[in-house]
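Notes follow the structure.
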Amino acid sequence: MSKTIHVILSGGVGSRLWPVSRKSMPKQYIPMFGDKSLFQLTAERNRTLADRTLVVGNKDNYLLSQSDLMRAGIGEYTEIVEAAPRNTAAAIAFAALAAAPDDLLLVTPSDHIITNEAAYAASIAEALQLASDGYLVTFGIAPTKPETGYGYIESQGHEVLGFREKPDLATAQLFLEQGNFLWNSGMFCFQAQTFLDELAKFEPDILAKSRVCYAAGVDGLLPESQTMEIPSKSIDYAVMERSKKIKVVKTSFGWSDLGSFESIWEHWENNGEKQHFVSNNCVVGSKKHVEFIGVENLVLVETDDAILVLSKNDSQEVKKVFERLEKEKPELVN
């Protein structure tokens with residue numbers, strides 16, 4: 001009998017949340033939500049919706065994942081530890097290879113927040129039914145604003161009419177007005193063999209080299225030499241934008257990827273967490289008393305070794321700072 005496996009992808013760095021998020025402590029492990037991390041919340045949210053938990057992480061963060069799984073009360077799970085990140089197509093291939101062919105994989109990032117868990121469970125049930133019928137299912141979030149930081153899915157019911165890259169503001173406004181464009185959540189659901197068959201059709205080299213790498217793993221630890229031979233490509237580019245078996249579930253369950261300081265601002269604001277705000281500005285991480293005069297819509301971020309000040313509307317630019325510091329001052333991103 002097939003099982004439902006919750007696959008947690010936990011390899012991200014969270015570069016747009018620097019300096020809070022670092023390579024040694026990415027955003028998904030930071031206990032910013034009560035005393036819980038996004039990873040822990042993800043594991044807890046899906047614990048009753050799946051029969052098993054499987055984590056695909058990397059050698060730099062798997063101990064953090066283990067700690068959060070223990071806090072989430074999950075003692076039994078499967079763990080696949082990549083020697084180096086090779087993007088989501090390979091990561092999900094490893095999960096599919098670790099499952100039985102007819103097992104249903106519910107694939108989620110580890111760094112998203114969801115506030116309406118009843119609506120979430122209903123969407124998962126809808127996706128599992130479609131996946132049981134042999135479809136590759138993606139989840140589209142009903143947009144609440146013209147967001148430029150997300151990709152979009154053009155849809156009609158469960159049918160996917162097309163995928164769109166992150167738009168400029170004018171295009172995002174058109175998407176919102178048209179009404180049939182959804183934010184691409186990066187969540188998926190499908191049978192393990194269905195995904196492997198479609199990956200073999202469109203990216204046989206990724207599948208072949210992922211098989212070799214997975215077979216060479218020892219106790220879930222994958223070898224570096226075989227890992228580095230796998231082409232790095234996202235599941236969207238490798239499969240989802242090319243397959244004829246795609247379906248989408250339209251959702252509204254209070255979703256955010258919390259991938260920028262703007263999205264964190266909005267989450268805190270929507271949940272009435274007024275302690276983070278001063279004169280229509282937001283303070284992240286600072287333990288000092290902060291005052292703002294003559295400015296608004298600023299975010300001030302403080303850690304022990306760095307201070308970042310930015311306009312809320314420029315949150316997407318933080319990634320460029322992270323990438324520059326990787327070369328100039330790597331100690332500030334590690």
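Counting from 1, the numbers follow the sequence of the chain as shown. On a predicted model such as this, the values are computed, not experimentally measured, just so you know.
- Between K145 and E266, at least one side-chain N (NZ, or NE/NH1/NH2) sits under 4.0 Å from a carboxylate O, which counts as a salt bridge.
- E317 has a carboxylate O that lies under 4.0 Å from a charged side-chain N of K320, or vice versa, which qualifies the two as a salt bridge.
- Listed here is the closest heavy atom pair of T227 and C213: OG1-SG, 3.3 Å.
- Under the side chain to side chain donor-acceptor pair (under 3.5 Å) criterion, D205 pairs with K209, sequence neighbours left out.
- Closest heavy-atom contact between F190 and V137: CD2-N, 4.5 Å.
- Ring-plane geometry between F253 and Y120 is classed as perpendicular, the angle between the planes exceeding 60 degrees on a 0 to 90 degree scale with a lower cut at 30.
- With 3.5 Å as the limit, one finds a donor-acceptor pair spanning the side chains of N180 and Q178.
- One finds the CG atom of L69 at 10.5 Å from the OG1 atom of T42 (value rounded to the nearest 0.5 Å).
- Of all non-hydrogen atoms in S279 and E296, the two that sit nearest each other are O-CB, 4.3 Å.
- Looking at V318 and S260, their side chains never come closer than 4.5 Å, going by heavy atoms from C-beta outward.
- Linking Ile, Leu, Val, Met, Phe, Trp and Tyr residues whenever their side-chain heavy atoms come within less than 4.5 Å leaves L106 and V239 in two separate clusters.
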Task: Evaluation steps, side-chain contact (heavy atoms from CB on, under 4.5 Å), between I113 and S256 - done: CA-CA 5 Å; I113 198 158; S256 173; 4.0 Å; yes
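- At a threshold of 4.5 Å between side-chain heavy atoms, the hydrophobic network of Ile, Leu, Val, Met, Phe, Trp and Tyr places I74 and L105 in two separate groups.
- Contact check on E159 versus K247 returns a salt bridge, with a Lys/Arg side-chain nitrogen under 4.0 Å from an Asp/Glu carboxylate oxygen.
- Looking only at side-chain heavy atoms (C-beta outward), P19 and T303 come within less than 4.5 Å of each other.
- In summary, the side chains of S67 and Y29 do not present any donor paired with an acceptor at a separation below 3.5 Å, with no hydrogens or angles considered.
- For the pair D236 and R242, the salt-bridge criterion is not met [side-chain N within less than 4.0 Å of a carboxylate O].
- The closest side-chain heavy-atom distance from L310 to L298 is not below 4.5 Å.
- Using a 4.0 Å cut-off between charged side-chain N and carboxylate O, K201 and E198 make a salt bridge.
- Salt bridge status for R22 with D305: present, with a side-chain N to carboxylate O gap under 4.0 Å.
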- [ ] Assess whether side chain to side chain donor-acceptor pair (under 3.5 Å) is satisfied between E269 and H276, documenting all intermediate values.
- [x] CA-CA 9 Å; E269 191 172 51; H276 301 291; over 6 Å; no
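- The main-chain N or O of S123 is never found under 3.5 Å from a side-chain atom of T251 such that the two would form a donor-acceptor pair.
- Side-chain atoms of T53 and R47, non-hydrogen and from C-beta on, never get closer than 4.5 Å to each other.
- S286 and L300 get closest at one heavy-atom pair: CB-CD2, 4.3 Å.
- Y237 and N87 form no side-chain donor-acceptor contact under 3.5 Å, judged by distance and modelled atom types alone.
- In this structure, W183 has its ring center under 6.0 Å from that of Y150.
- Between E44 and K36 there is a salt bridge, since at least one side-chain N of the basic residue sits less than 4.0 Å from a carboxylate O of the acidic one.
- Under 3.5 Å, the side chains of Q28 and H112 contain no donor-acceptor pair of N or O atoms.
- Using cut-offs of 30° and 60° for the angle between ring planes, the W265 and F277 rings count as perpendicular.
- Among all heavy-atom pairs drawn from I246 and S243, the shortest one is CG1-O, 3.5 Å.
- Shortest non-hydrogen contact noted between G157 and V248 is O-CG1, 3.7 Å.
- Remark: the D197 side chain and the T194 side chain contain no N/O donor-acceptor pair separated by less than 3.5 Å.
- Side-chain contact annotation: S2 with D103, donor-acceptor N/O pair under 3.5 Å absent.
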- [ ] Could you please spell out the steps behind the side-chain contact (heavy atoms from CB on, under 4.5 Å) verdict for N280 and N297?
- [x] CA-CA 6 Å; N280 200 34; N297 289 323; 3.6 Å; yes
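- Between the NZ atom in K245 and the CG atom in D133 there is a gap of 12.0 Å [rounded to 0.5 Å].
- Side-chain polar atoms of E262 and S315 form no donor-acceptor pair below 3.5 angstrom.
- Looking at D111 and F39, their side chains never come closer than 4.5 Å, going by heavy atoms from C-beta outward.
- Put simply, the side chain of N184 does not reach to within 4.5 Å of the side chain of Y152, judged on heavy atoms.
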Open item on the list: Does E203 form a salt bridge (Lys or Arg N to Asp or Glu O under 4.0 Å) with K233? I'd like the steps, not just the answer.
Closed with: CA-CA 9 Å; E203 294 287 346; K233 188 171 285 192; 2.7 Å; yes
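- Listed for the N271 side chain is no donor-acceptor partner under 3.5 Å among the backbone atoms of W268.
- Side-chain contact check for E291 and H289: at least one donor-acceptor pair (N or O, by modelled atom type) lies under 3.5 Å.
- There is no path of hydrophobic side-chain contacts, each under 4.5 Å, that joins L199 to Y135.
- Using a 4.5 Å heavy-atom cutoff, the side chains of F322 and R16 are not in contact.
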- [ ] Could you check I8 against V56 for side-chain contact (heavy atoms from CB on, under 4.5 Å), going step by step and ending with a plain yes or no?
- [x] CA-CA 6 Å; I8 307 177; V56 184; over 6 Å; no
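- Of the N and O atoms on the side chains of T78 and R52, at least one donor lies less than 3.5 Å from an acceptor on the other residue.
- Between S110 and L38, the closest side-chain pair of non-hydrogen atoms is not below 4.5 Å.
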